[in-house]
Amino acid sequence: MKLNNITDIDAFFKVIDSCKGKVEMVSNEGDRINLKSKLSQYFSMAKIFSDGTINELEIVAYEPDDINKLINFMVRG
C-alpha cells in the first residue's frame, strides 16, 4: 500500500511499533526494509524525507489488523 503526505512521523512510528506482524518499506529498487527495526527506521527515514514530511511511502503489512491500523492512521491524519 502507498501512504502519502505523512506529516506526524512520531505518530506514524507509534502505529508501526504497535503492529503485531512484519511491516516493510519497499524501496524504489524493490528492496524490503523492516520498519519495525529502530535502526532501519532511522536509516530509512533519513534518506526519504526532508522538511519533516514523507511525500510517498510504499509499505507492506502482512496482518489484517496491522493493515487496518495503517489505514486508520492515514484516514485520521
Note to self: In the structure I gave you, are the side-chain heavy atoms of Asp65 and Lys20 within less than 4.5 Å of one another anywhere?
What the structure shows: no
Checklist line | Test: Asp17 and Lys38 ion pair at under 4.0 Å | finding: yes
Margin query: Tell me if a side-chain donor or acceptor on Ser37 pairs with a main-chain N or O of Asn34 at a distance below 3.5 Å.
Written below: no
Note to self: For the NZ atom of Lys36 and the NZ atom of Lys22, what is their distance to the nearest 0.5 Å?
What the structure shows: 11.5 Å
Check: Is there side-chain contact between Arg76 and Val15, with heavy atoms separated by less than 4.5 Å?
Finding: yes
Checklist line | Shared hydrophobic cluster for Val26 and Leu39 (ILVMFWY, side-chain gaps under 4.5 Å) | finding: no
Margin query: Between Leu3 and Ile59, is there a side-chain heavy-atom distance shorter than 4.5 Å?
Written below: yes
Notebook entry, point to check: With a 4.5 Å limit on heavy-atom distance, are the side chains of Leu35 and Glu24 in contact?
Noted result: no
Item checked: Interatomic spacing from CD1 in Ile67 to SG in Cys19 - rounded to 0.5 Å -> 9.5 Å
Item checked: 4.5 Å side-chain heavy-atom contact, Phe73 and Lys14 -> no
Checklist line | Under 3.5 Å: donor-acceptor pair, side chain of Asp31, backbone of Ser27 | finding: no
Checklist line | Within one Ile-Leu-Val-Met-Phe-Trp-Tyr cluster: Ile71 and Ile16, side-chain cutoff 4.5 Å | finding: yes
Note to self: Would a single hydrophobic cluster contain both Met1 and Met74, if residues Ile, Leu, Val, Met, Phe, Trp and Tyr are joined by side-chain heavy-atom contacts under 4.5 Å?
What the structure shows: yes
Check: Would you find a donor on one side and an acceptor on the other, under 3.5 Å apart, between the side chain of Asp66 and the backbone of Gly21?
Finding: yes
Note to self: Could you tell me if the side chain of Leu57 sits less than 4.5 Å from the side chain of Met25, heavy atoms only?
What the structure shows: yes
